[in-house]
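Note that this is a predicted model, so its numbers are computed, not measured. Lettering follows sequence order; numbering is per chain, from 1.
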2 protein chains.
Amino acid sequence: MNSKKIAKLAGVSRSTVSRVINNYSNVTEETRKKVQAIIDKYGYTPDAAGRSLAGKKNKVIGLFIVDHYLKKDRYVIHDSPYLSEFISYATDIADDQDYHILVSVVTQREKYEKIRTLINSKMISGAIFVGGGAKKDELEKIINLGHKIVLIDEPLEKKYENVLHLLSENFEGGYMATEELIKNGHKKIAHITGELEKFDALERLRGYKKALEDNNIKLKNKYIAYGDFTMESGYLAIEELYEQNKNDMPTAIFVANDFMAIKVIEFLENKGFRIPEDISIIGFDNSNFTHFLAGGLTTISRSIEQLVNQSITNLINFLEKDEKKFAIDKKVKVKLIKRNTVKSITD
Amino acid sequence: MNSKKIAKLAGVSRSTVSRVINNYSNVTEETRKKVQAIIDKYGYTPDAAGRSLAGKKNKVIGLFIVDHYLKKDRYVIHDSPYLSEFISYATDIADDQDYHILVSVVTQREKYEKIRTLINSKMISGAIFVGGGAKKDELEKIINLGHKIVLIDEPLEKKYENVLHLLSENFEGGYMATEELIKNGHKKIAHITGELEKFDALERLRGYKKALEDNNIKLKNKYIAYGDFTMESGYLAIEELYEQNKNDMPTAIFVANDFMAIKVIEFLENKGFRIPEDISIIGFDNSNFTHFLAGGLTTISRSIEQLVNQSITNLINFLEKDEKKFAIDKKVKVKLIKRNTVKSITD
DNA sequence: TTGTAGGCGTTATCAC
DNA sequence: GTGATAACGCCTACAA
């Protein structure tokens, strides 16, 4: 079924059918009804390709998951609670605004081609990049295509008018976490980092350092261990931290995400430490599963819901308002969630 | 940039450009190189709408999340661990085969229109329905459009040649769970159901009943409580079960999913029961978070990964082989995961 | 091997 | 308010 046939059946021209489909005002109520009846009867829906070719925008947003630092044997999305959650929210929130999400994954340099194709081919009207692991040069090539794009936690030297730079408060969160430990009287505070190729890991580390500095606590390199956000890496990191500091253990640890924090707690409890009596732990992300931990993990919550909401709402606005440029760099707030793994050292 | 311009720049016709783009054999190596050079230089990618209009298939699979039984204030996908996981795998697996996933959500009857539009408009080449909560009549209207579709745990009276019916072994899993309890000497076995509008919940219940029957254990209605797969409903159900059977508590409970099982355990422990010494618990789904439970929940694992893999692989095969019909109804296996919440009653 | 020409389904422009 | 027509970018006969 196509508009030509509908036109014939309704006894009008294709133009009139188009006008009805697009709800244009210059159609008499009578004609509209007549045409609509036929449309309904035959369940006609216009062909997306045809419309697109004729210059109409579609309601599809590309969600590009970019991460080059992945282990080969892992699923990109499924094995990342952050990305899973991101996609889930994105679909839900886009749906509220009658948009669709088209998801695509990029883990190697060759795959940027795929994104360019998708964007150039006009299958999507706008794009969101998430994952924090993009190659800057490839990213800039794509940006220079001029399409409307949201970048999440993906900092660039230059600003672009067609790009919304959205950042979550990773630095602030790292600072907040460390400060909370300091407020509780801790001075020997360790940090287990995330994957340092990623901006968010770097920023959390920077926040940790700054909080120590502002409180006149000397940074000790032996109190920093390096993870990559996975549970296994958390285990390895705490193991190393323990081996290096057996005789001078920190009284508190800020772990760069909750996943690693789980393993840290497990390891320490196995070694006979009580949490939080002997060692306080604070995580990051406020991941779902922290609900299931007896007691509950003290952590920094960054609202992925808010992050997604900002991305999609801003992008859709931008797409539909037909504005020339994004006026904004936005930050999404984090906050401290006090639960039961931090204890005052003077208690 | 379009094929016409590329043609002019390369000094050939548009057809030749097309032949190069589509890797047709009847182009001399020389011309191909010449044209490809221009294509690369200008980063040209053909317009998807144009191709589609000219009859080419795209590599987009629609993933439709259908669930009518949702509470209004919940996110459809984000609040369902099953659907979140499904989407994550789908994106990962589709990506492996160079396909994209376009996700859309349907929670009300009016929204089926959206799916029809998407399918009719040829924005997607095939579709997967998941969620188990579709309206049969709307579903059949869509099926009758003749496009290639995979239906997951969504049983229909009629079989359709353009539909692959994929089922997970919910009945078998329910049977297996109950049988495991029976094997451990239990006779007073309760069941907390899922949302009975959903096929999977119904099947799990049926498995429970059949296992009792096959082992000559009389079904007691007082030992069945009704949940809807959410944690809260699990709490309410166990509360009711407890109130009704204070003086004759079951020694084992098969709970229709892990989410509810968590709450069941929590409730019972608060009432002073020990798990599994006093009451054995078995869940369903082998959800992610069960890792985080101290001890670990005994459960039935249905491999969502396998379910997704089957869906996508079969669908892509079907799309590309250009076969006339799906030859298959497939079932995805479940298996028993023994952990620490089931104890033999004779111990 | 390559070029020409028609058609895919829609919308926009211009007449009437 | 409505209809005719051109245009969007591509692919695929068919012709050369």
Legend entry - Closest nucleotide among dC10(D), dT10(C), dG9(D) to the Ser3(B) side chain: dC10(D)
Legend entry - Side chain of Lys56(A) (C-beta onward), nearest among dG3(C), dT11(C), dG9(D): dT11(C)
Inset, instruction - Please say whether more than 12 non-hydrogen atoms of neighbouring residues, nucleotides or ligands are located less than 6.0 Å from NZ in Lys136(A). - result: yes
Describe the nucleic acid contact of [X] in one word from base, sugar-phosphate, nothing, applying a heavy-atom distance below 4.0 Å.
X	answer
Asp47(A)	sugar-phosphate
Thr31(A)	sugar-phosphate
Asn26(B)	base
Val12(A)	sugar-phosphate

Legend entry - Flag side-chain contact, heavy atom, 4.5 Å: Glu320(B) against Lys59(B): yes
Legend entry - Close side-chain approach of Val35(A) and Ile38(A), heavy atoms under 4.5 Å: no
Legend entry - Check: Ser15(A) side chain, dA4(D) base, donor-acceptor under 3.5 Å: yes
Legend entry - Quiz item: Arg19(A) side-chain donor-acceptor pair to dG3(D) base, under 3.5 Å: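 In this structure, the two groups form a donor-acceptor pair.
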Inset, instruction - Find the distance between OH (Tyr99(B)) and CD1 (Ile316(B)) and round it off to the nearest 0.5 Å. - result: 5.5 Å
